[in-house]
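Just so you know, ligand 1 is whichever comes first in the structure, and atom 1 is the first atom listed for that ligand. As the structure is a computational prediction, the values presented were derived from the model and not from experiment. Note that these values count all heavy atoms, side chains included, but never hydrogens, waters or copies made by symmetry.
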Amino acid sequence: MNNELIFESILNFVNYYNNFQNNIDSKKVFPDMNNDKISKLKEIPFASESRDINEVMQEMQNLVYSNQAYMQHPRCFAFIPSPVSLLSWAGEIMTSAFNPHGGSWLQSPSASCIESKIIEWMCKLAGYPDTSGGLFVSGGSMANLTALTTARNVKLAEDEYPKGIAYVSDQTHSSVAKGLKIIGFREDQIRKVPTNENYQLDVDSLETIICEDKAKGFIPFAVIATSGTTNTGSVDPLHSIADICDKYGLWFHVDGAYGATVLVSDKYRHLLDGISRSDSISWDAHKWLLQTYSCSTILIREKNHLISMFSTHPEYLKDAQTNNEQINYWDFGPELTRPARSLKLWLTLQTLGIDNISEGIEHSIQLVEYMENELKTYDNWEIISSAHLAILNFRYVPVNANKQQVDEFNKAISKAILDSGYVGILTTSLNGKTVLRVCSINPETTKEDIQNTIKLLVEIVKNLQNKYK
Ligand SMILES: Cc1ncc(COP(=O)(O)O)c(C=O)c1O
């Protein structure tokens, strides 16, 4: 293979992407996903002869990258969007070029040093002590899994596993239950504690259920709180949960995959008060910290717990053994070979500066509050959960419509707005109601984007009402 040709093609691709990025505003957030493209892809054989790289790259541009939702679009308000800094993208390219092995100090001391510096910075923001630590993992699901595995190891003897009980809320992300299942807990070992009117875990119910479980001979071992729930951006009452965990000797995990990034903002850090009392925190950088997938972290109050859980010493790794200062990250988590996920975040933090990032977070929180206030000025739009950590849920309630009709109407609004391509808004369900959910965390999103979105929503409602007359 001709290396020069590959470099040249990559430079062409960079131009192509530069052009895409400069024009992203005019792109559909969810382009019309094209089945023809899928059929064409399926038809491409594995070539026994070599092919021209430009031809293959062109094919990938036409059939793959053009046939996806643009989660980095400034008007992508669906799921948890992924506003990616070009710096993260650049860091990803640089890192995969040199491909440092992130598992051991022997193989990549500088990348390991950067990983521990960033983890230390995050732990400080969370208010953790010097004994804390953590590592980068692929995403929030893996971060939760890593924390739960550690919690089980610390809090339960092996013969107690079948009686262990973990407590979540009815708003906890599904990755927590999935993680518990992966490490061997049955569904009936997970208690779903109800939430209050602000979709926060109800602490009185939590304590009642823990006491009932203890009385029945079960062994409560972990409470999973959320700082920034996926549906509503709610933060569970962290101090009160910490009190309960202290009282009953339970592991206190905070799923901050979405919301922990708010710790970067001096202005809004207080919203996560009490997080410093947790035993572990999941914190995704590929959500609100502007990183490409996969870039997440798990922070642990006592880093030795990670080592007790995950460290192994086979003979073929002996030469890489280190002292305390020189971390072998393969001893901290499930992965042995692992990419140096921290480097793209390092490039972003260093180049952008913390103040810029913090301003972006504050901008998003305030923009969604602005959207709520604007929506309130229109008739028949109902706020279902107020703007919190840049997430808002609302719906349109047509006059005289019954529950099912309201649900259907809002689904139709979401579909119409998605079809328009201008903005991506999907639905979720809150207390049995189908609602429109906006999660807006892209620092590039403007007030005008929000104003135009509301105008479009109003216009769609008008059209739908004409249709249903
Ligand atoms: C609160 C919360 N936890 C965990 C996850 C899972 O994260 P990931 O998709 O990175 O695995 C998400 C994803 O949206 C989330 O919102």
Is it the case that the ring center of F185 lies less than 6.0 angstrom away from the ring center of F221?
yes
Take the angle between the ring planes of F20 and Y17 and call it parallel below 30°, perpendicular above 60°, tilted in between.
parallel
Salt bridge (Lys or Arg N to Asp or Glu O under 4.0 Å) with R341: which of E115, E335, E92?
E335
Heavy-atom nearest neighbour in the protein, as seen from [atom], with distance rounded to 0.1 Å:
| atom | answer |
| --- | --- |
| atom 16 (O) of ligand 1 | T230 OG1, 2.9 Å |
| atom 8 (P) of ligand 1 | G140 N, 3.4 Å |
| atom 3 (N) of ligand 1 | D255 OD2, 2.6 Å |
| atom 11 (O) of ligand 1 | S141 OG, 2.6 Å |

Under 4.0 Å from ligand 1, counting heavy atoms only, is it the side chain of D284, its backbone, both or neither?
side chain
Using a 4.0 Å heavy-atom cut-off, say whether K287 meets ligand 1 through its side chain, its backbone, both or neither.
side chain
Hey, does the side chain of D284 reach the backbone of K287 with a donor-acceptor pair shorter than 3.5 angstrom?
no
Under 3.5 Å, is there a donor-acceptor pair between the side chain of N196 and the main chain of D202?
no
What one should report as the nearest heavy-atom pair of C245 and F252 is SG-CB, 3.7 Å
Just jot down the ligand 1 atoms closer than 4.0 angstrom to any heavy atom of [X], in number order.
| X | result |
| --- | --- |
| A257 | 2 (C), 3 (N), 4 (C) |
| H286 | 10 (O) |
| G139 | 10 (O), 11 (O) |
| I80 | 14 (O) |

Check for me whether M142 has a heavy atom closer than 4.0 Å to any atom of ligand 1.
no
Is it true that S175 lies under 4.0 Å from ligand 1, counting heavy atoms only?
yes
Does NZ or CZ of R75 fall inside the cone over Y422's six-membered ring, less than 6.0 Å from its centre and within 45° of the axis?
yes
Sole residue of T297, D255, T261 in side-chain hydrogen bond (donor to acceptor under 3.5 Å, both in side chains) with W283:
T261
Is there a polar contact, in the sense of an N or O pair closer than 3.5 Å, between Y258 and ligand 1?
no
Option among T230, T232, V435, L436 that satisfies the side chain to side chain contact (heavy atoms under 4.5 Å, CB included) test with T428:
V435
